[in-house]
Amino acid sequence: MNHYFKSTPLKAQIASILMACALSSTPTVFAKGVTDADIQNDTTTPGDVVSYGMGLRAQRHSPLDKINKDTVKHLVPAWAFSYGDEKQRGQEAQPLVYNGKIFVTASYSRMFAVDAKTGQELWQYDHRLPDGILPCCDVVNRGAALYDNLVIFGTLDAQLVALDQDTGKVVWKEKADDYKAGYSYTAAPIIVNGKVITGVAGGEFGIVGRVDARDAKTGKLVWTRPVIEGHMGYMVDKDGNKKDNGMTGDAIGKTWPGDMWKYGGGATWLGGTYDADTNLLFFGTGNPAPWNSHTRPGDNLYTASTLAINPDTGKIVWHYQTSPNDSWDFDGVNEFIPFDFEKDGKTIKAGAKADRNGFFYVLDRTNGKLLSASKFLPDLNWAEGIDLKTGRPIEKAGMRPGNPSDAKDGKKGTSAFTIPSFLGGKNWMPMAYSPDTGYFYVPSNDWGMDIWNEPVTYKKGAAYLGAGFTIKPIHDDHIGVLRAIDPTNGKIVWEQKNVAPLWGGVLSTAGGLVFTGTPEGYLKAFDAKTGEELWKFQTGSGVVGVPVTWEQDGEQFVAVPSGWGGAVPLWGGDVAKKINHLNQGGSLWVFKLHAN
Ligand code: CA
Ligand code: CA
């Protein structure tokens, strides 16, 4: 039912409509509220952006072409909106656009609604955060989900909050988990057939990763699926009774020693994608806990993996593990993007993932079978390649940090220098796929780390690593590289280097453009075919947000948040020292073509 009419008797509704029509010369238009169809069709409806990823497949490609290779030189700011406050830090969100409003989340679990044309603030929501929250990697938020008249997002104290799109008032609020145990929430939820689908963050605290489905209108849990072998999933019926939904994996702790599976990590901290063709959710899982792999011999399923999950039941349909017995914090959370390609006259239903471990994987998305794997980091040194038969990495000797119990004092194992660093060949920042060029556009980083292991035991709410590390640059002239990758052969088609690490998302358009931001403050546009830089604009602080584009009243707009922060300044070791001059900020920039 139309949200506007929800609590109003029918006669009163009709009376109010007649009144509105009588008083106004233009007919009154009521927003109908975001529907499942709106979300499913998001990619092909450029008048709005109603999902994270600009469509549930998260290809981040827009059919708009008014801003193109020829016209992009006329792209100028339409307005900029400041988030205000002393609270700044990383602004990693992707804005949503609906019904003439932009909804954007900001650091410290804030949300703003802004008039899309004028930049005027409509409302602001500040989530009250308790003391003692445990976000590992800055106080960021990556975006919201729209459904009906709600805008839904997760908070650093591990709650899900649904606000009224018109007023910013709380409609429902649900606790996802216990922030004191290290749980938090930073990803953008997605909506699939009326369910809001979320993961959890907290992999550095020995939490257990899982995927939850809730009724998007009420917030009530529908099913939950832990991602660590041995844990039980359950469904909740309409009376609130829990119903066993089977164990994750084949047997308790089969690929874990002893009780290690109980605090096994596998945080699903980046959220997921969905493919209507196969009716599958795709969620990546983070590192096994603790980082010290000598404490947990075995594959440690299903950490550092891609999982395909049935959205109706919460059952795992297939899994593919990218880093078995991970020793480097190579979280496998990176987005898995469904796409099709032609091979030998057949359409292959595939999906691609640029993994934190530096390999670009293409899988058959119907069954999880590996089709190809290539290095998108040419300097990658921890593995020779991926065995296409077994799907497992061919590890190089000496690239795992040593066991601390082999050390004389039993305290610090031997160090290894690995490429990439634990912040990854690619971290959270989403890539884009252009069906026009057939390329993926991957925001990547060339860097390495010294890493060593130390003894560790689990304690609730304490970092559960058993590792020390220093991240280091490996080239004088750059760390960040935007790379265009041809998924049919794994070749890097072009690349554009950047001095600072890239930490923002990518947008591709039918105008033949690829947009992304830099920590140095620029939003840039590149030629999607050649990589030539065609346009840039200095936003005043580092751009680590995710750009989007849409059309309103015949004009094409581009929006991106600006505000330097995220994991790099906090964890970046020698890299952080190189970039500590970059200024923080917090604003939303919107661009359009200058009227000639
Ligand atoms: Ca749309
Ligand atoms: Ca991690």
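As the structure lists them, so they are numbered: ligands from 1, and atoms in each ligand from 1.
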Close side-chain approach of S421 and K472, heavy atoms under 4.5 Å:
no
Return all protein N, O or S atoms below 3.0 Å from the Ca ion (ligand 1), chain by chain in residue order.
D42 O, D42 OD1, T45 O, T45 OG1, D48 O, D48 OD1
By ring pair (Phe, Tyr, Trp, His ring centres under 6.0 Å) - contacts of W291 (at least two apart)
F422, F469
Against the six-membered ring of Y441, is R60 placed for a cation-pi contact (under 6.0 Å from the centre, within 45° of the normal)?
no
What protein N/O/S atoms are there under 3.0 Å from the Ca ion (ligand 2), waters excluded?
E204 OE2, N287 OD1, D329 OD1, D331 OD1, D331 OD2
Should K180 and D178 count as an ion pair when the cut-off is N to O under 4.0 Å?
no
Charged N to carboxylate O below 4.0 Å: is that the case for D299 and R392?
yes
Using the test ring pair (Phe, Tyr, Trp, His ring centres under 6.0 Å), find all partners of Y147 that sit at least two apart in sequence or belong to another chain.
none
Salt bridge present between K412 and E454 (N-O < 4.0 angstrom):
no
So do D553 and K117 actually touch side chain to side chain, heavy atoms under 4.5 Å?
yes
Just checking, any donor-acceptor pair under 3.5 angstrom between side chains of E335 and W428?
no
